[in-house]
Q: 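Starting off with a structure, shown below.
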Amino acid sequence: MAPPAVPAHRLVPLLGSALETTPAYRGLADALRLLIADGRLPVGTRLPSERDLTAALGVSRTTVSSAYAALRDSGYLQSRRGSGSVTSLPGDATGSRARVAGSALRPGQDLDDADVIDLTCAAMPAPVGTIAAYEAAVAALPHHLGGTGYHPLGLPELREAVAARYTERGLATTPDQVMVTSGALAGIAVATRALLGAGDRVLVENPTYPNAIEAFRRAGARTVPLSVTAEGWDVPTAEATLRQTAPRAAYLVPDFHNPTGALMPEEQRAQLGAALAASHTVAIVDETMVDLAHDARLDLPRPFGAFHARTVTAGGASKSFWGGLRVGWVRAPRDVVASLLAARLTLDLGAPVLEQLAMLHLLDHRDEVLAHRREVIVTNRDAFVGELRKQLPQWRFHVPSGGLCLWVELPEALSTALCVAADRRGLVLAAGPQFGSDGAFERFIRLPFTGLPSERVADAVERLAAAWDEATTRRSTRGTRPPLVA
Ligand SMILES: Cc1ncc(COP(=O)(O)O)c(C=O)c1O
C-alpha cells in the first residue's frame with residue numbers, strides 16, 4: 001500500500017520560519033526533523049517530491065535536495081523505490097528523544113542521559129503520602145482477594161468517594177454516575193468511542209491538550225477549533241460556532257486549561273452550557289488540573305456539569321497525586337454511563353484494584369497531600385518565572401492561578417526553530433503548534449514549570465535563552481523573508 005502523503009501546500013505552513021536560517025537547507029532539515037520527532041509528521045509519511053517542495057517554497061532545488069539528503073543521513077528519511085521520501089526515526093522508534101505517536105505527547109521518556117532536561121511533560125513526581133497510600137491499599141487488599149478482581153465500573157467504595165466529592169463541589173452525583181478508568185485520558189477515549197463516530201464534528205479548544213485532539217482524530221471525528229487564550233474563552237464566538245456547526249461533542253478544559261492555565265468563570269460556564277444544550281452538544285470536560293489551584297483560598301467555580309446536564313466529566317489522579325497510579329474516572333448522566341461501560345468492555349475491563357485502593361486513601365487525605373503539593377508547585381513556578389524574567393525579559397506570559405505550565409508568547413513566530421536549537425542543548429520542548437488543531441501557535445511555547453527540582457531551573461532557562469539566541473540570530477542573518485506561518 002502507498003504510504004500516506006503530505007502535499008507541499010500542507011507542509012509549507014508547518015515549517016514556520018525554518019528557511020530564514022543560514023544555511024537554508026539546514027533550517028529546512030531541522031524543521032522537518034522536529035516535525036517528525038514530535039509526531040506532527042507521522043512516521044511513514046511520504047514527503048512532497050523535491051521538485052514540488054522547491055516550487056512551493058520558492059527556493060533553489062539544491063536547498064531541498066540537501067535538506068532531504070541530511071535527513072536521510074541522520075535516519076529521519078528513507079527513500080523507497082516507487083514511494084519517494086518517507087519519514088522515519090533513527091534506530092529504535094521508541095528511542096530516547098522521539099516524541100512519537102501521531103501528534104500526541106509521549107510522557108515519561110526515560111531519557112538515558114541525566115544531563116538532558118525534558119520539559120515536554122506537565123506532571124510531577126509522587127507526593128509525600130504515596131507510600132502510605134500503597135501501604136493502606138495492601139492492608140485492605142485481602143478483603144478483595146476472594147473476588148475475581150474485575151470491576152469494570154470501578155470499586156464501589158472509590159465510586160462512592162468520587163461521587164461524594166462532586167456533590168461537595170456543587171454537582172449532585174450518585175456512585176452509579178461514576179465509572180473508574182485507567183486515567184483521565186482513558187476516560188476521554190472511552191467517551192469518544194461511545195459518543196463519536198467517523199465524520200462527527202467535535203469542538204476543541206485551540207490550543208489544547210494534544211492527546212485529546214489525537215483521540216478524536218483517530219476516531220475519525222472532525223475537529224472544529226474554539227479559540228482560548230490566557231485571558232480565557234471567547235464565549236460569543238463559541239455560541240456562534242455552536243449554532244453554525246452543531247458539533248456532536250465539545251472537549252473543554254475549563255479548570256486550569258492546558259496549556260494556557262485559564263480558569264473559566266461561572267458566568268461563562270452558564271452561557272456556554274446553555275449554548276451546548278441548544279445545539280444538542282455533549283460536553284466532554286477534562287478536569288485533570290482541577291485540584292491544582294496555586295492558592296488554596298481561590299474560590300473555585302462549580303463543575304461544568306452543573307451547567308449542562310449532557311456532560312461527561314473526566315478526572316483522575318495524575319496531576320493531583322501521581323501519574324503512576326493510572327487511575328481516573330468519568331462522571332456522566334446515568335444513561336450515558338451505560339454507553340460508556342459498553343464502550344469500555346472491549347478495551348480493558350477495569351482499573352487495577354490495588355491502585356484504586358491507594359487512590360481511595362489519597363482522596364481521604366487529599367487536603368494534606370494537596371497542601372504540600374501546592375507549596376512545591378508555587379516554589380517551582382516562582383523559580384521558573386524569576387529566571388525567565390531575568391534571562392528572557394522580552395517573553396510574555398500570564399502567571400496562571402493554577403495548573404503546571406506557562407503558555408509563553410514569543411516575540412517572533414520561531415517556536416519550531418527554538419525547539420530545534422534547544423534540542424541541540426539537551427533541552428527537550430514541545431513546540432507551540434503541537435497544541436493547536438491546525439498548525440498555528442508558532443509564536444508560542446508551553447513550559448511546564450514543575451518537572452524539575454528548583455536547583456535545575458536556572459540551567460534549563462539558560463539553555464532556553466541560548467536556544468532563543470540561536471533561533472533569532474540564524475533567522476536575522478537571512479534578511480527579511482516574511483514568515484511562512486499563517
Ligand atoms: C489536560 C490533560 N488531560 C489528560 C491528561 C492525561 O491524564 P491521565 O494521566 O489521567 O490519563 C493530561 C496529562 O498531561 C492532561 O494534561
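Keep in mind that this is a model prediction, so the values were computed, not measured. Order of listing sets the numbers, starting from 1, for every ligand and every atom in it.
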Q: Please state which protein non-hydrogen atom is closest to atom 6 (C) of ligand 1 and give its distance, to 0.1 Å?
A: Y209 OH, 3.5 Å

Q: Would you please determine whether S318 falls within less than 4.0 Å of ligand 1 on a heavy-atom basis?
A: yes

Q: Which residue owns the protein heavy atom closest to atom 13 (C) of ligand 1, what's the atom, and how far is it?
A: K319 NZ, 2.7 Å

Q: Tell me the nearest of L185, T208, T181, N258 to atom 11 (O) of ligand 1, using heavy-atom distances.
A: L185

Q: For atom 2 (C) of ligand 1, what is the nearest protein heavy atom, given as residue, atom name and distance?
A: D286 OD2, 3.3 Å

Q: Hey, is H257 one of the residues with a heavy atom under 4.0 angstrom from ligand 1?
A: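 The answer is no, since H257 has no heavy atom less than 4.0 Å from ligand 1.
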
Q: To the closest 0.5 Å, what do you measure between OG1 (T311) and CG (L276)?
A: 7.0 Å

Q: Could you label the plane-to-plane angle of the F449 and F384 rings as parallel, tilted or perpendicular, counting under 30° as parallel and over 60° as perpendicular?
A: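 Tilted, since the angle between the ring planes falls between 30° and 60°.
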
Q: Out of all atoms in ligand 1, which are within 4.0 Å of some heavy atom of G183? Include the element for each.
A: 10 (O), 11 (O)

Q: With no hydrogens and no angle check, just 3.5 Å: does a side-chain donor-acceptor pair link T223 and R201?
A: no

Q: Please check if atom CG in L145 has more than 12 non-hydrogen atoms from other residues, nucleotides or ligands closer than 6.0 Å.
A: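 Count over threshold, so yes.
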
Q: Short list, please: which atoms of ligand 1 are under 4.0 Å from a heavy atom of M289?
A: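 Close to M289: 16 (O).
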
Q: Test D291 against every option in R373, K319, R366 by the side chain to side chain donor-acceptor pair (under 3.5 Å) rule and name the one that passes.
A: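 Among R373, K319, R366, the one that satisfies the side chain to side chain donor-acceptor pair (under 3.5 Å) with D291 is R366.
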
Q: Check A194 against L340 and note the closest heavy-atom contact, atom names and distance.
A: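 Heavy atoms of A194 and L340 come nearest at CB-CD2, 4.0 Å.
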
Q: Distance only, no hydrogens: is a donor on one side chain within 3.5 Å (strictly under) of an acceptor on the other, for T173 and R331?
A: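 A donor-acceptor contact under 3.5 Å links the two side chains.
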
Q: Hey, is ligand 1 close enough to A184 that some N/O pair sits below 3.5 Å?
A: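 By distance alone, the answer is yes.
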
